Structures are given as structure tokens and as C-alpha cells.
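The chain is numbered in sequence order, starting from 1. Just so it is clear, the model here is predicted, and its values are computed rather than measured. Counting convention: from 1, in listed order, for ligands and their atoms alike.
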Amino acid sequence: MGKVLIVANLKSYKNEIEAKNWLDSFKKIKELNLDLSQKEIIICPSFTQLFSFFSYFSSNNINVKLGAQNVSPFDEGAFTGEVNAKQIKDFAQYVLIGHSERRINFGETEDMILKKVDSSLKYGLKPIVLVQGQENIIPEQVKTIAYEPTSAIGTGNPDTPENADAMAAIIKSKTKDIQILYGGSVTSINVKSFTAKTNIDGVLVGGASLDAEELLKIIQNA
Ligand code: PGA
């Protein structure tokens, strides 16, 4: 069994000062002396905070990885307002692609998602593709999928661990060597019920990760 992945999606929250406070709370991870040998932590802040998170974690020797929440479907070029994979790679190793909030609010299509995956892989970023159900395409070469039923996102109504495990099993039966995360209303209380399941390799945490102390509990309990 591989490491349990804990991915924190800070969404479009936190200005500079709030992010700094979050980091100062998260730094307590060092005092907790957690056994992280079997856990991999990936924090996904806004683009504007990627650099400060990167610097903070390196200068404080905190062993977590960074991810972006989105990436341009295009390579570098005349695409005003876009942040591309080559730029993200300077700070992050992962990128979230196809979050339902992007599909719903920004009209992100399967075609755009495929382009984003291609561009990420070209620059050595690892895509974490989010799917909401069996209807979504799982692009070839993607090794990490997060199953996030829309009804569970930000609602306090997570899927049942049994259902999430069954969905993870279906995805695994179709694709070789793939890790499946569960996302949707994960908290420090319910996290273990998901990570304990055979087919679930980790969790993607949104709202609960906005509180660094709660995220530390999630990491501890996962
Ligand atoms: P949630 O969000 O944990 O707040 O439900 C999950 C996500 O959007 O990735």
C-alpha cells in the first residue's frame, strides 16, 4: 500500500495576512511529531499565495508539497490572465484539474480538461483530476483521481464511505495503477472512515482545511 494522500484545497480564500496566519498555525505540525512516513500532504493555495507558501515551507523545513488549483489549457503565450504549467512548476508539483466548481462556474469541458492534463504533464506537474461520477472521462496517463460527488461538496453531507469505496473500485477496475482520493465534506471526525477503505488512497479536503488546526487533526487522524 502506498502513502495516504491528504490534499488541502484552500479554494478562493485568504488574502496575504490571512494566509500568513494560516501558515503560522500550520507550522505547529513540527511540534506534533506526527509519524508522516506513510502520509503525503499537498497544500493547494491560490496562485497569488503559491510563492509565499513555497518560501515558508522551505525556510521552515516543513515537508509538504504544493499544488495549484487550476492551470491554463495553453502553453505560455499571449493568453492574458492565464497561469500556465511552466510557471506553476517553479513552485508546485501537483495541480487540481476539473474541479466541479470549475466545470459548473467556468464552463470547463472534458476537452479543456484534457488540454490542461497534457500541458501539466509536458512540464512535469502531476495532475489530480477531479471527477464527479462515472460519466466523467479519466484522461490517459493520469495517476491520481479524486472522486467528489457534487452533492457532498461544501454541504456537510459526505458520501458514505461504502459508496465512495465502491466508486473507487469501479474507477480502479477500468484504469491501471491509479490512486483514488475521496473529496466532499471531509473532516477530522470522518476522515478515517474514508482512508480505512481498501480502494481509497487519500482525501481531498476543502472547507475544513481553511482552519489550519482542523487540517492538522485531519492529517493526524487520516
Ligand atoms: P469540501 O470541498 O471539503 O468543502 O466539501 C471539497 C472540494 O471542493 O474539493
Side-chain angles (χ1 to χ4, degrees), residues 4-14 18-19 22 25-26 39-47 49-50 53 64-71 88 92-108 112-113 116-117 120 125-133 135-136 138 142-161 163-165 167-168 171 178-197 200-222:
V4 176
L5 256 69
I6 300 135
V7 183
N9 172 16
L10 300 181
K11 308 198 184 199
S12 187
Y13 288 104
K14 303 206 184 291
E18 291 162 343
W22 188 96
S25 300
F26 188 80
K39 294 179 185 172
E40 176 137 308
I41 304 159
I42 302 162
I43 312 286
C44 307
S46 301
F47 284 133
Q49 258 104 44
L50 268 181
F53 274 59
V64 303
K65 302 205 159 94
L66 282 168
Q69 298 172 16
N70 184 28
V71 59
I88 293 170
Q93 284 165 269
Y94 289 85
V95 59
L96 305 181
I97 298 179
H99 195 289
S100 59
E101 287 157 11
R102 296 212 55 84
R103 296 183 195 246
I104 294 165
N105 298 306
F106 302 97
E108 213 160 89
M112 280 162 77
I113 289 165
K116 290 178 180 211
V117 166
S120 301
L125 273 178
K126 293 183 191 163
I128 299 175
V129 172
L130 291 87
V131 301
Q132 290 74 49
E135 66 281 11
N136 296 127
I138 295 181
V142 169
K143 296 287 166 223
T144 312
I145 292 290
Y147 161 60
E148 295 206 329
T150 319
S151 61
I153 297 180
T155 58
N157 279 321
D159 201 347
T160 62
N163 213 37
D165 188 52
M167 183 60 76
I171 299 171
I178 199 152
Q179 292 175 299
I180 311 288
L181 314 180
Y182 166 74
S185 299
V186 171
T187 65
S188 59
I189 309 290
N190 65 25
V191 63
K192 190 72 190 177
S193 65
F194 291 102
T195 55
K197 290 288 177 201
I200 297 179
D201 304 294
V203 285
L204 206 158
V205 189
S209 69
L210 296 175
D211 174 355
E213 305 263 355
E214 169 68 358
L215 179 60
L216 290 175
K217 286 190 201 143
I218 291 174
I219 294 168
Q220 199 157 10
N221 296 348

J.: Please test Val7 against Thr144 for side-chain contact (heavy atoms from CB on, under 4.5 Å), starting from the C-alpha separation and ending with a verdict.
T.: CA-CA 11 Å; Val7 183; Thr144 312; over 6 Å; no

J.: Protein residues near ligand 1, heavy-atom distance below 4.0 Å?
T.: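 Its neighbours under 4.0 Å (heavy atoms only) are Asn9, Lys11, His99, Glu101, Glu148, Ala152, Ile153, Gly154, Gly184, Ser185, Leu204, Val205, Gly206, Gly207, given by chain and number.
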
J.: Do other residues, nucleotides or ligands put more than 12 heavy atoms under 6.0 Å from the OH atom of Tyr13?
T.: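 Open.
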
J.: Minimum heavy-atom separation for Ile113 to Gly98, with atom names?
T.: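 Closest heavy-atom pair between Ile113 and Gly98: CD1-CA, 3.7 Å.
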
J.: Before giving the answer on side-chain contact (heavy atoms from CB on, under 4.5 Å), spell out for Lys116 and Arg102 the whole-Å C-alpha distance, their side-chain angles and the decisive distance to 0.1 Å.
T.: CA-CA 13 Å; Lys116 290 178 180 211; Arg102 296 212 55 84; 4.2 Å; yes

J.: Name all residues meeting the side-chain hydrogen bond (donor to acceptor under 3.5 Å, both in side chains) criterion together with Glu213; count only those two or more places apart in sequence or in a different chain, and write none if there are none.
T.: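 By the side-chain hydrogen bond (donor to acceptor under 3.5 Å, both in side chains) rule, Glu213 matches Lys28.
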
J.: Any sub-3.5 Å donor-acceptor pair from Tyr147's side-chain atoms to Pro149's backbone N or O?
T.: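 The answer is no, because no donor-acceptor pair under 3.5 Å joins these two groups.
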
